[in-house]
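Here you go, one structure.
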There are 2 protein chains.
Amino acid sequence: MKKNICTLAILSTLSFATFAADCDPNLLPSWKDGASKNALVTFVERSVDSQSSHYVPTQDRIAVFDNDGTLWSEKPYYFQLVYAFDQVKKMAVDHPEWQTQAPFKFVLDNDIESVLAGGEEALLEIVTATHSGMTVEEYQQSVASWLETAKDPRFQKAYTDLTYLPMKEMLNYLQQHGFKTYIVSGGGVDFMRTWAPEIYNIPQEQIIGSALKYQYNYNGGEPQVVKLGEILTIDDKAGKVENIQHIIGKKPVLAVGNSDGDHAMMQWATSQPNSMAMIVHHTDAEREWQYDRKSSVGHLDKAMDEANQRDNWHLIDMKNEWCTVY
Amino acid sequence: MKKNICTLAILSTLSFATFAADCDPNLLPSWKDGASKNALVTFVERSVDSQSSHYVPTQDRIAVFDNDGTLWSEKPYYFQLVYAFDQVKKMAVDHPEWQTQAPFKFVLDNDIESVLAGGEEALLEIVTATHSGMTVEEYQQSVASWLETAKDPRFQKAYTDLTYLPMKEMLNYLQQHGFKTYIVSGGGVDFMRTWAPEIYNIPQEQIIGSALKYQYNYNGGEPQVVKLGEILTIDDKAGKVENIQHIIGKKPVLAVGNSDGDHAMMQWATSQPNSMAMIVHHTDAEREWQYDRKSSVGHLDKAMDEANQRDNWHLIDMKNEWCTVY
């Protein structure tokens with residue numbers, strides 16, 4: 001009798017027990033024991049071992065992370081665009097011409113498909129109109145107050161709650177081992193600096209992104225920096241490498257992304273010994289989203305091919321390798 | 001008799017004793033006890049005291065330093081120009097047209113006065129020609145090998161030995177108190193990154209400067225970043241503030257410079273509580289150079305007027321406040 005109760009108890013907890021066995025609560029608890037976690041831990045342990053031939057001196061432990069689709073979700077379209085569309089609606093009262101003017105009229109009609117059909121040019125027009133003509137501080141206050149109430153329609157969560165728990169553990173794990181973690185994202189640098197430092201434990205000065213030009217004004221003794229309506233830099237593809245060179249000044253040893261927009265920075269980072277690239281592969285339609293080669297947002301094609309051919313490039317299978325997503 | 005010997009001994013060491021009394025070997029030993037050292041120590045002690053109303057949280061302890069004339073000498077003209085002129089001479093064999101073409105012909109004739117008379121435009125033409133068309137690595141190897149042999153004609157020292165000892169002590173003192181020290185200089189960022197990390201203990205990623213555009217190339221599997229012959233940013237005057245906003249993303253609490261080129265960043269930094277500006281004032285014709293309002297290199301005029309009017313702006317009198325210069 002006693003034995004039977006025990007057997008039942010064991011059976012009833014089996015699924016939990018299996019889960020717990022796969023997910024070590026003491027080391028990267030949201031990662032299942034598997035290829036990606038193993039690659040990460042091996043890479044970090046070698047990097048910090050001064051006796052290893054794979055040792056990386058502390059000053060060279062630079063790790064760069066894309067943001068959209070790598071550290072938080074990016075579907076059905078980039079969250080910063082949701083902010084921009086909401087701003088268009090808010091600002092429309094002062095812009096009667098937007099009622100008839102593409103791409104703004106599409107936003108006001110909630111016809112997002114037509115907005116996106118306008119491609120990068122239409123999106124830049126919207127971003128530029130909603131992100132300029134104010135000081136950096138004013139802009140960031142606007143973003144912060146938007147984030148307080150905006151919710152993702154599918155998950156009914158604040159956007160900052162759609163950041164990936166396993167990736168936050170990865171950032172923390174790297175930071176604890178002396179890595180300087182950077183965000184290198186196509187998203188706007190001032191947008192990310194509003195919330196990312198707290199959420200990812202990455203300071204403002206380690207966030208690189210797309211940016212509009214800045215203009216300093218003495219402003220009669222109250223100096224300010226205004227965001228202009230002209231592009232300073234688009235931090236995507238080759239632009240990511242060029243910005244890393246300009247701002248960090250050295251080649252990272254670890255580059256993490258999720259799309260072909262990160263391909264160049266992964267190739268550049270891994271063109272040296274003791275380096276690694278990782279790609280978040282969106283394989284989980286149920287807990288998050290499932291997409292790669294055929295998606296326009298987060299298009300992953302050539303970088304995936306390269307990952308399948310190179311030993312130090314690793315695809316992170318979100319569905320099968322993450323115990324928890326958010 | 002014994003007493004007399006003692007008296008003589010005391011008299012003979014008096015000048016040294018006075019000097020030693022002014023310069024505390026345990027705290028910023030190259031700084032005489034005086035107004036500037038006092039301002040610096042007071043500022044730092046308050047910043048790190050969590051009980052003080054002047055407390056600055058660690059993540060906000062950002063200090064920015066100009067380089068030319070602030071951390072090393074800049075006379076008779078910027079050392080990076082000496083490199084550029086030497087490169088013109090080296091490259092002239094492949095550029096026969098330079099023999100007759102200004103400003104290059106002036107460089108080849110050692111007529112530096114005529115080069116400088118061409119103003120910023122002529123200098124940019126020379127810098128662009130000598131600093132582009134190669135990878136960042138190739139450029140930095142060229143700078144490093146130049147620095148190994150080049151000597152300043154007046155002091156017969158390597159240029160990196162013309163860095164100011166008191167300022168290196170100041171950087172170290174700030175770093176020990178949790179300040180993140182940045183260089184924000186009109187000089188070229190790739191030029192400074194070659195030698196400044198070792199000399200100032202400031203990593204590459206905390207060096208901001210003027211830059212040419214970068215271009216990433218996949219280069220058949222050996223990715224590289226090439227320096228193009230177009231300006232990316234001129235890090236001077238308002239440009240310093242704009243680059244700090246872009247790259248650091250927050251307002252520094254301490255800005256240190258030596259010329260009106262640093263005026264904007266000093267005004268911006270000190271437009272908040274618990275901030276300070278310091279200006280290295282070149283008052284020492286004997287041990288270094290003496291110049292301010294009338295000099296074209298390191299022109300210091302409006303910023304000096306403002307320093308004389310504001311309590312948290314301090315002029316560092318090189319001649320009277322530094323025990324040692326180099």
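The basis for the numbers below is simple: all heavy atoms, side chains too, and nothing from hydrogens, waters or symmetry mates. Because the structure is a prediction, the values reported are computed rather than measured. So that the names make sense, note that chain A is the first sequence line, chain B the second, and so on, each numbered from 1.
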Cut-off 4.5 Å, heavy atoms of chain B, and the answer for A:Ala264 is both
Rounded distance (nearest 0.5 Å) linking atom CG of B:Leu232 with atom OG1 of A:Thr233: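 Rounded to the nearest 0.5 Å, the CG-OG1 separation comes to 8.0 Å.
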Side chain proximity check, B:Val136 to A:Gln245, heavy atoms < 4.5 angstrom:
yes
Test item: B:Glu242 side-chain N/O and A:Tyr216 main-chain N/O as donor-acceptor pair under 3.5 Å:
yes
Assert top hit (heavy-atom pairs under 4.5 Å, partner chain A, pool B:Ile248, B:Asn217, B:Val241, B:Asn243) equals B:Ile248
Which bit of A:Glu222 comes within less than 4.5 Å of chain B, counting heavy atoms only: side chain, backbone, both or neither?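 Answer is neither: A:Glu222 stays 4.5 Å or more from chain B.
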Most contact-rich option vs chain A, by heavy-atom pairs under 4.5 angstrom, among B:Lys237, B:Gln204, B:Arg193, is B:Arg193
For this session: Determine whether more than 12 heavy atoms belonging to other residues, nucleotides or ligands lie under 6.0 Å from atom CD of A:Gln272.
Result: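 Counting neighbours around CD of A:Gln272, more than 12 heavy atoms of other residues, nucleotides or ligands fall under 6.0 Å, so yes.
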Report task. Against chain B, label A:Lys180 side chain, backbone, both or neither, depending on which of its atoms sit under 4.5 Å from a heavy atom there. Result ->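 Just its side chain gets close to chain B.
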Cut-off 4.5 Å, heavy atoms of chain A, and the answer for B:Ile208 is neither
Requested in this report: Taking the side chain as every heavy atom from C-beta outward, state whether A:Val225 and B:Trp268 have any pair of such atoms under 4.5 Å apart.
Outcome: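 Heavy-atom side-chain distance check passes, below 4.5 Å.
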* Asked: Quick one: does B:His246's side chain get under 4.5 Å of A:Ile247's, heavy atoms only?
  ->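 Yes. Closest side-chain heavy atoms under 4.5 Å.
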message: Can you tell me which portion of A:Ile62 sits under 4.5 Å from chain B's heavy atoms? Options are side chain, backbone, both or neither.
response: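 Contact with chain B involves the side chain of A:Ile62 alone.
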- Relative to chain B, which segment of A:Asn219 carries a heavy atom at a distance below 4.5 Å: side chain, backbone, both, or neither?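 Contact with chain B involves no heavy atom of A:Asn219 at all.
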What do you reckon, is NZ of B:Lys213 surrounded by more than 12 foreign heavy atoms closer than 6.0 Å? no
Report task. Mark yes when over 12 heavy atoms from residues, nucleotides or ligands other than B:Asp311 sit less than 6.0 Å from its CG; otherwise mark no. Result -> no
